[in-house]
Amino acid sequence: MPVHNSEIAETFEHLADLLEILGANTFRVRAYRNAAHTIRDLPRNAAEMVATGEDLSELPGVGEDLADKIAEIVETGKLGLLEETIQKVPETLTQLTTVPGIGPKRAKALLEALDVRSLDDLKEAAEAGKIAGVSGFGEKSEQAILHELAQARDVERRFRISTAEDFAEPFLAYIRKHNNVKKAIIAGSYRRRKETVGDIDILVTATNGKEVVEHFVGYEEIDQIISKGTTRSTVVLRSELQVDLRVVPEVSYGAALHYFTGSKPHNIQVRRRGVERGLKINEYGVFKGEERIAGRTEEEVYDTVGLPYILPELRESRGEIEAAESGELPTLIQLADLRGDLHAHTNESDGKSTLKEMALAAKELGHDYLAVTDHSKNARIAGGLDERRLRKQMEEIDRLNEEVDGIQILKASEVDILDDGRLDHPDEVLEDLDLVVCSIHSGFNLSESKQTERVLRAMESRYFHILAHPTGRLIGKRKPYPIDLEKILEAAKERGCYLEINSTPARLDLDDVHCRMAKDMGVKIAISTDAHSTSGLSNLRYGVDQARRGWLEPDDVLNTRSWSALSKLLARS
DNA sequence: GCCGTTTTCGGCCCGACTGTTTTCAGTCG
């Protein structure tokens, strides 16, 4: 059973959590977390690197010791040090640190004073009134713990970016109404356009922080006020979305925006460059001794550490600092670069809108072309089209293209990849289509090797153009099915096939890391909506966000091209 | 445990808020 990067990362994270509780050197703990971050985002399979004898200590944050530990995990499926550590501290003790207000120190204190080993133990102790007696805790702490436990709030809950937008944008508009507020912007992972966000970070510039905080906590959607000071505050909305506010003076805007946008590892890298140059960088500015030398804009902050401006989507500590230093930052794709949409449904299968409605809506968005890709017959629940109905739709598209100017409708299909890797339409139909989008809608529980083989076989068809939603995941609902994307990408490169970023906010499939992998391997990507109604066509921006996080440039994306240029690229021998 | 144009030891990003404390540790972002 091959070990995945995420498993190695989780092993290190788990060990870091336990070591932290044991009071280990914080820098040692951080080293495990840094390595976990590196491995998690690695655009290669660490297990394969071990197998081929590559030197993992070349990786950032991975030295001799951790390289050996990675090899141990890959070869044995476990880590001896983690097993030993679990002997010293209950494995479930880390559950306690998921309760807001309880960190590693207090978790350990509770273990030692009351033998609290799990969330259940914690609840019992709190209800029995034993917590308040523990040194460092008091009446308020006990009440706070009881309150948190009663909330049963899923602390790990993350919101899809589109959902977060629905709650965050009205709140931001409310904040802007206060006449003391000059600038107000949402920073954090939201600004980095991450596919999910854990909370919302709002940055405000104002002369009187206290007034702004008062206004902030007066928002009608607030369920709970966690903290409230003169420059910062944290609340939880009724939607369970946590929102942090930070108020800084105007001269600190750039430094605060940089600090508050993150990511944390990116910030640490930037600050370290500051330290190397004798500078201190915090949310108020860049300081040389007592003197503020920069901080009004983010550009200024980067400039003081010898870097050009780095776009928020790139700030994940995935090599962007090094790329910036050597002048090799990508020119990221923008929504306006896209000239059409290559995946959309009509009411002929499971869409809501008619062919003509979809065509007119795409034209309205400024598209030059729209591929109509209704399902094939295997997708019965989705009302998939058999050959006869598809032929009929193709004729309708011909008629529509005569009738409507300013948009070209492409004859296409989203063809099921059957369990054995065959495509769900005969070649005689496929050869008459402008575009063939292929995807998996059944048999999610095949083994990784079988699933991979299935797609590789499908790609042998000369009519196979684009692999849609390549991992089948639904964010927060369904994990990706096991599939070896590195092999798929190799085959795609070899055979002239392409992969999709599905822009549906619940999918965003490929994800950012695999987009980057595709780019590095020279496989171009289609950014498509998979719209099932006219309104779904405007989801393209979420796909663009994901593409930008994957470092994609206009040339890396299929549908930045005119249809005549794109059709040449699609022609296979 | 990592790392190096202040290198093989001695550093390692930085500050606000809370609660339990009498000056600060713990937590969080």
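All chains are named by letter (A, B, ...) in the order of the sequence lines, taking the proteins before the strands, and each is independently numbered beginning at 1.
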So what does [X] hit on the nucleic acid, given a heavy-atom distance under 4.0 Å: a base, only sugar-phosphate, or nothing?
X         : value
Val270(A) : nothing
Arg232(A) : base
Glu276(A) : base
Gln143(A) : nothing
Glu142(A) : nothing
Thr234(A) : nothing
Lys69(A)  : sugar-phosphate
Lys280(A) : sugar-phosphate

[atom1] atoms of [N] and [M], separation to the nearest Å:
N       : M       : atom1 : answer
dC2(B)  : dT7(B)  : C1'   : 13 Å
dG10(B) : dG19(B) : P     : 41 Å
dC24(B) : dT20(B) : C1'   : 9 Å
dT8(B)  : dC3(B)  : P     : 16 Å
dT18(B) : dC13(B) : C1'   : 22 Å
dC12(B) : dT6(B)  : P     : 15 Å
dC14(B) : dT5(B)  : C1'   : 26 Å
dT27(B) : dT21(B) : P     : 14 Å

So that I can tick it off, tell me whether [Y] and [X] are bridged by a salt bridge, with the cut-off set at under 4.0 angstrom between side-chain N and carboxylate O.
X         : Y         : result
Glu283(A) : Arg232(A) : no
Arg158(A) : Glu195(A) : no
Glu124(A) : Arg117(A) : no
Glu316(A) : Arg516(A) : no
Lys69(A)  : Asp65(A)  : yes

**OP:** Take Thr230(A) and Leu66(A), find for each the nucleotide of DNA chain B with the closest heavy atom, and name the residue whose nucleotide sits nearer the 5' end.
**Re:**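 In this pair, the answer is Leu66(A).
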
**OP:** For Glu139(A) and for Ala107(A), locate the closest nucleotide of DNA chain B by heavy-atom distance; then report the residue assigned to the nucleotide nearer the 5' terminus.
**Re:**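 Of the two residues, Glu139(A) wins.
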
How many angstroms lie between atom [atom1] of [X] and atom [atom2] of [Y], to the nearest 0.5 angstrom?
X         : Y         : atom1 : atom2 : answer
Ile310(A) : Glu320(A) : CD1   : CD    : 5.5 Å
Arg318(A) : His37(A)  : CZ    : NE2   : 6.0 Å
Leu508(A) : Ile161(A) : CG    : CD1   : 9.0 Å
Leu66(A)  : Glu64(A)  : CG    : CD    : 10.5 Å
Thr504(A) : Leu540(A) : OG1   : CG    : 10.5 Å

Original post:
Given side chains that start at C-beta, do those of Leu552(A) and Ile501(A) come closer than 4.5 Å, heavy atoms only?
Top reply: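 Sidechains of Ile501(A) and Leu552(A): in contact.
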
Original post:
Please walk me through it: do Glu214(A) and Lys228(A) pass salt bridge (charged side-chain N to carboxylate O under 4.0 Å, His left out)?
Top reply: CA-CA 8 Å; Glu214(A) 282 303 329; Lys228(A) 186 177 105 169; 3.2 Å; yes

Subject >> Cation-aromatic face contact Arg106(A)/Phe137(A), 6.0 Å, 45 degrees >> reply: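 Satisfied, under 6.0 Å and within 45°.
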
Return the residues of [range] meeting this criterion: a heavy atom under 4.0 Å from some atom of DNA chain B. Order them by number, or give none.
range                       : result
residues 111-136 of chain A : Gly136(A)
residues 197-222 of chain A : Asp201(A)
residues 161-172 of chain A : none
residues 26-35 of chain A   : Phe27(A), Arg28(A), Arg30(A), Ala31(A), Tyr32(A)

Original post:
What orientation do Tyr174(A) and His215(A) show, parallel under 30°, tilted 30 to 60°, or perpendicular over 60°?
Top reply: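 Rings of Tyr174(A) and His215(A): parallel, under 30°.
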
**OP:** Name the pairing partner of dT18(B), where a pair is Watson-Crick or G-U wobble with both distances under 3.5 Å, or state none.
**Re:**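 With both distances under 3.5 Å, dT18(B) matches dA25(B).
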
Compile the donor-acceptor pairs under 3.5 Å between side chains in residues 25-36 of chain A and protein atoms, sequence neighbours left out, one pair per line.
residue	atom	partner	partner atom	Å
Asn25(A)	OD1	Phe27(A)	N	2.6
Asn25(A)	OD1	Arg28(A)	N	3.4
Arg33(A)	NH1	Glu13(A)	OE1	3.3
Arg33(A)	NH1	Asp17(A)	OD1	3.0
Arg33(A)	NH2	Asp17(A)	OD1	3.4
Arg33(A)	NH2	Glu20(A)	OE1	2.7

**OP:** Please assess Arg44(A) against Glu486(A) for the test salt bridge (charged side-chain N to carboxylate O under 4.0 Å, His left out), listing each intermediate value before the final yes or no.
**Re:** CA-CA 8 Å; Arg44(A) 299 271 323 275; Glu486(A) 205 171 342; 3.7 Å; yes

Subject >> Span of DNA chain B in contact with chain A (heavy atoms, under 4.0 Å) >> reply: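 Under 4.0 Å from chain A, the extent on DNA chain B is dG1(B) to dG29(B).
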
**OP:** Indicate whether the side chain of Asp120(A) and that of Ser118(A) have a donor and an acceptor atom separated by less than 3.5 Å.
**Re:**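 There is no such pair (donor and acceptor under 3.5 Å, judged by atom type) between the side chains of Asp120(A) and Ser118(A).
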
Subject >> Audit row: Phe216(A), Phe171(A), ring pair (Phe, Tyr, Trp, His ring centres under 6.0 Å) steps and yes/no >> reply: CA-CA 9 Å; Phe216(A) 175 76; Phe171(A) 198 177; 5.1 Å; yes

Original post:
With syn defined as a glycosidic torsion within 90 degrees of 0 and anti otherwise, which applies to dT21(B)?
Top reply: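 Base orientation relative to the sugar is anti.
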
